[in-house]
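Values in this document were obtained by computation on a predicted structure and should not be read as measured data. Both counts, for ligands and for their atoms, begin at 1 and track the order of listing. Sequence positions, counted from 1, serve as the residue numbers for this chain.
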Amino acid sequence: MTKKLIFDYIVVGTGPAGSVIAKTLTDDKKTSVLVLESGDNNDKDEPIRNSEFAMELEEQFFAKYFWQGEGIPQENVDDRSFEWTTGRLLGGGSSINGEQYVRPTSAVLKQWEALLGPIWSPERATSRFKTLEKYNGKTNNARVRGFRGPIDIRQTPDRPTSMAVKLTTAIEKATGFPKILDYNDPKTPLGPFTRWQLYQNPNGRRESASTAFLSANIMTPAGRGVNGRKLKVFTKCTVLRVLFSDMRAVGVEFLIEGKQTRAYVRKKVIISAGINSAQLLMLSGIGPSKMLKDAGIPVKFHNPNVGKSLRNHTLNFAVFSANPDDRAHPTDDPNALYAGGAFLPNPTGTNPMRRAVQLFGVGSDHTLMLGIIYLRPASRGSIKIQNNDPLKIVLADEGFLKNSEDMEQVKNIFKIYVKNIAAQLASIDPTYRLISPSPDVIDNDARLEQFIKDNFEHNHHQQSSLRMAPLSKGGVVDRRGNVHGVKRLVVADASIIPFTVDGNTSAAAYLIGYTIARQLLLVDKKLQKRKEKTRLYESDEE
Ligand SMILES: Cc1cc2nc3c(=O)[nH]c(=O)nc-3n(C[C@H](O)[C@H](O)[C@H](O)COP(=O)(O)OP(=O)(O)OC[C@H]3O[C@@H](n4cnc5c(N)ncnc54)[C@H](O)[C@@H]3O)c2cc1C
């Protein structure tokens with residue numbers, strides 16, 4: 001690679017945020033974008049295309065498709081360590097995740113708007129989701145759903161299994177929330193439902209950021225933009241740091257085919273590296289000055305907020321015996337993946353209209369597992385670099401259950417929701433019995449606490465380590481993703497989520513990527529107009 005690489009923009013990472021940015025910026029066929037992705041293009045691999053592998057991917061974290069690593073032992077979870085990973089392949093996390101499509105609710109987006117202004121309002125978010133999605137499902141509110149966008153969303157299955165019907169009926173009876181048709185309708189954010197909305201084509205294949213935004217109508221298999229699109233995508237290429245001229249980002253240094261190389265920008269560098277974005281900022285001299293100095297990195301801008309405020313939802317499971325005659329998946333739809341679900345408020349009755357709990361059923365022949373996500377954790381973690389080696393894993397402390405309030409909330413979910421759902425399920429079909437935790441564990445506070453620790457997991461919903469907020473309010477980037485303290489450097493991905501989202505995180509990452517790409521284009525347009533005006537003015541003067 002001898003030619004100097006110069007583009008209008010460089011995008012690091014092809015997860016939901018990076019992919020939508022790359023496509024949106026190059027739509028005009030004038031703007032040039034270089035995309036650098038550490039992983040390979042595995043879109044054709046059976047485990048990636050075939051949604052039936054989703055659960056296996058989540059359990060096995062295959063080295064071929066995932067970043068390999070663990071976070072630091074979690075003090076409040078008996079020093080257990082948990083995977084610190086995301087997809088390392090085209091599409092990032094969206095190519096290996098559990099496919100659940102959940103938009104953040106208006107309650108959360110109102111917080112975003114109050115802090116950051118109208119570009120993040122619930123109304124604008126709804127309008128952007130409409131543009132992005134191609135909803136293949138039912139709703140009572142078609143005005144808020146999109147049916148022609150690039151991301152295929154399948155509501156599935158058409159005919160729910162008896163297992164899903166029993167579970168959701170039990171949730172309905174146990175909580176008093178009636179079943180809902182479309183949980184992504186901002187008007188119906190709470191209640192049980194039999195049909196999940198999954199990132200899938202109509203035929204049940206996985207829809208990822210790669211298949212939606214970097215597909216054959218956008219680029220060739222070699223990563224070149226088609227139909228005049230000025231796009232270049234390099235895979236197997238790991239960005240090491242951002243290059244600066246004074247305080248202005250001018251390019252990046254990266255490894256490709258084992259060689260250290262540089263690429264430069266005319267406009268901006270955009271980091272969309274997900275859980276690795278904080279590390280990239282720190283390696284580039286933006287972060288807490290003491291940590292950077294200790295690591296031997298020259299400080300470009302001291303910002304103690306970098307890597308702080310990391311959040312993740314908690315995940316636990318309750319296991320029920322099931323009726324052997326009930327099927328886990330419909331015979332005609334093995335890609336349905338889940339046996340019903342629900343979004344519920346805090347079980348103790350505080351904030352009764354706000355989502356705090358996500359439930360999802362996973363069936364097998366003789367059991368029903370109920371996944372329980374607590375969506376409003378108060379605990380915060382942090383990301384620290386160990387030294388100036390870009391390939392050295394960070395010290396990721398997820399801070400699970402650090403705030404004792406979180407343990408109380410998870411216990412309440414078991415004591416109130418799980419116990420009542422178990423009672424209702426048993427009354428609907430006595431073959432459904434709560435096996436784990438057993439009812440006596442739920443009734444014993446100390447044993448329940450231990451069960452929650454032993455059984456603790458997470459759903460890889462890491463967010464907010466580079467919060468989008470004013471500097472004085474713990475921010476790392478402004479409302480348009482511009483990194484505080486330097487110029488021409490943007491972060492756009494799940495790491496900038498300003499307030500914890502109340503559902504899975506990839507929809508928020510798509511929203512962030514798309515919104516920021518649109519803002520960049522808008523600013524470019526304004527600058528262009530200003531330049532034209534100046535030119536006119538100058539020619540009048542001549
Ligand atoms: C196992 C699992 C299950 C999940 N289930 C769901 C689910 O069901 N629904 C849901 O909505 N969300 C789910 N998530 C979360 C969701 O996938 C992420 O929130 C989402 O992918 C984040 O998008 P992103 O664009 O911020 O970053 P990512 O998707 O993480 O993309 C970052 C990209 O940057 C690349 N990259 C990183 N560092 C570098 C570097 N230095 N140089 C070059 N490239 C780099 C990575 O390889 C990756 O491709 C799950 C995640 C995991 C891991």
Side-chain angles (χ1 to χ4, degrees), residues 10-22 35-42 51 54-62 65-67 82-104 153 196-199 206 208-210 213-214 233-242 252-256 270-281 283-284 312-313 315 337-338 341 358 360 371 373 390-391 394 457-466 491-497 501 503-514:
I10 291 175
V11 179
V12 183
T14 60
S19 296
V20 71
I21 293 172
V35 179
L36 302 171
E37 166 57 51
S38 191
D40 211 340
N41 183 346
N42 300 103
S51 299
M55 300 296 172
E56 204 176 323
L57 287 168
E58 283 203 47
E59 280 160 20
Q60 304 291 331
F61 305 105
F62 300 104
Y65 305 125
F66 286 79
W67 289 83
F82 299 89
E83 292 83 15
W84 175 255
T85 183
T86 181
R88 186 178 190 164
L89 70 173
L90 211 66
S94 69
S95 293
I96 47 80
N97 71 16
E99 299 189 351
Q100 293 177 349
Y101 172 59
V102 182
R103 298 177 181 179
I153 303 295
W196 275 93
Q197 297 179 28
L198 303 181
Y199 292 100
R206 177 187 289 273
S208 68
S210 167
F213 295 104
L214 299 173
V233 179
F234 292 168
T235 52
K236 294 173 275 184
C237 146
T238 300
V239 174
L240 307 174
R241 59 179 65 83
V242 178
V252 296
E253 195 164 68
F254 60 100
L255 276 180
I256 187 161
I270 303 166
I271 300 180
S272 300
I275 58 169
N276 291 349
S277 290
Q279 182 182 23
L280 270 178
L281 276 200
L283 290 166
S284 311
N312 196 346
H313 299 138
L315 172 65
L337 300 182
Y338 304 100
Q358 178 172 339
F360 59 95
I373 304 178
L391 304 180
V394 293
E457 289 187 39
H458 69 91
N459 240 28
H460 307 272
H461 292 169
Q462 287 94 354
Q463 51 198 296
S464 308
S465 57
L466 302 173
V491 181
D493 57 26
S495 72
I496 71 167
I497 287 174
V501 293
N504 312 65
T505 32
S506 68
Y510 280 114
L511 175 70
I512 285 172
Y514 187 54

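Nearest protein heavy-atom neighbour of atom 50 (C) of ligand 1: Asn97 CB, 3.4 Å. Nearest non-hydrogen protein atom to atom 5 (N) of ligand 1 is Gly98 N, 3.1 Å. Shortest contact from atom 40 (C) of ligand 1 to any protein heavy atom: Val239 N, 3.7 Å. The single protein non-hydrogen atom nearest to atom 35 (C) of ligand 1 is Glu37 OE1, 3.4 Å, given as residue, atom name and distance. When only non-hydrogen protein atoms are considered, atom 52 (C) of ligand 1 lies nearest to His460 CB, 3.3 Å.
Near Gly92, the atoms of ligand 1 lying under 4.0 angstrom from a non-hydrogen atom of the residue are 29 (O), 31 (O), 48 (C), 49 (O). Taking every heavy atom of Ser38 and a limit of under 4.0 angstrom, the matching atoms of ligand 1 come to 43 (C), 44 (N), 45 (C). With ligand atoms numbered from 1 in the order given, ligand 1 contributes 33 (C), 34 (O), 35 (C) to contacts under 4.0 Å with heavy atoms of Gly13. Within ligand 1, the atoms closer than 4.0 Å to a non-hydrogen atom of Val12 are 42 (N), 43 (C), numbered from 1 in the order shown.
Ligand 1 has an N or O atom lying under 3.5 Å from an N or O atom of Asn276, backbone or side chain. The shortest N/O to N/O separation between Trp67 and ligand 1 falls below 3.5 Å. Ligand 1 has no N or O atom lying under 3.5 Å from any N or O atom of Glu58, backbone or side chain. For ligand 1, the polar-atom distance check finds an N/O of Ala494 within less than 3.5 Å of one of the ligand's N/O atoms. Residue contacts with ligand 1: Ser506 is placed with a nitrogen or oxygen under 3.5 Å of a nitrogen or oxygen of the ligand (distance criterion only). The shortest N/O to N/O separation between Asn459 and ligand 1 does not fall below 3.5 Å. Between Tyr338 and ligand 1, a contact under 3.5 Å exists for no N or O pair. Ligand 1 has no nitrogen or oxygen under 3.5 angstrom from a nitrogen or oxygen of Ala509. Of the N or O atoms in Gln100, one or more lie within a sub-3.5 Å distance of an N or O in ligand 1. Of the polar atoms of Gly93, at least one N or O is found under 3.5 Å from an N or O of ligand 1, judged by distance alone.
Contact annotation for Ser272 and ligand 1: only backbone heavy atoms (N, CA, C, O) come within less than 4.0 Å of the ligand. Of the heavy atoms in Gln463, none comes closer than 4.0 Å to ligand 1. Looking at Ser94 against ligand 1, only its backbone comes within 4.0 Å, counting heavy atoms. Of all the heavy atoms of Leu36, the ones lying under 4.0 Å from any atom of ligand 1 belong exclusively to the backbone.
The side-chain contact (heavy atoms from CB on, under 4.5 Å) test with Thr505 is passed by exactly one of Asn97, Ile497, Ile512: Ile497.
Between the side chain of Ser94 and the main chain of Gly15, no donor-acceptor pair closer than 3.5 Å is present.
Judged as a side-chain contact (heavy atoms from CB on, under 4.5 Å), and not counting sequence neighbours, the contacts of Ser277 are Ile271, Ala273, Leu466, Val491, Asp493, Ser495.
Taking the six-membered ring where tryptophan is involved, the planes of His458 and Phe82 are perpendicular, since the angle between them exceeds 60° and thus also 30°.
Residue contacts with ligand 1: Leu89 is included, with a non-hydrogen atom under 4.0 Å away. Residue contacts with ligand 1 include Ile96, since one of its heavy atoms falls under 4.0 Å from the ligand. Ligand 1 has at least one atom lying under 4.0 Å from a heavy atom of Cys237.
Taking the centre of each ring, Phe61 and His460 come in below the 6.0 Å mark.
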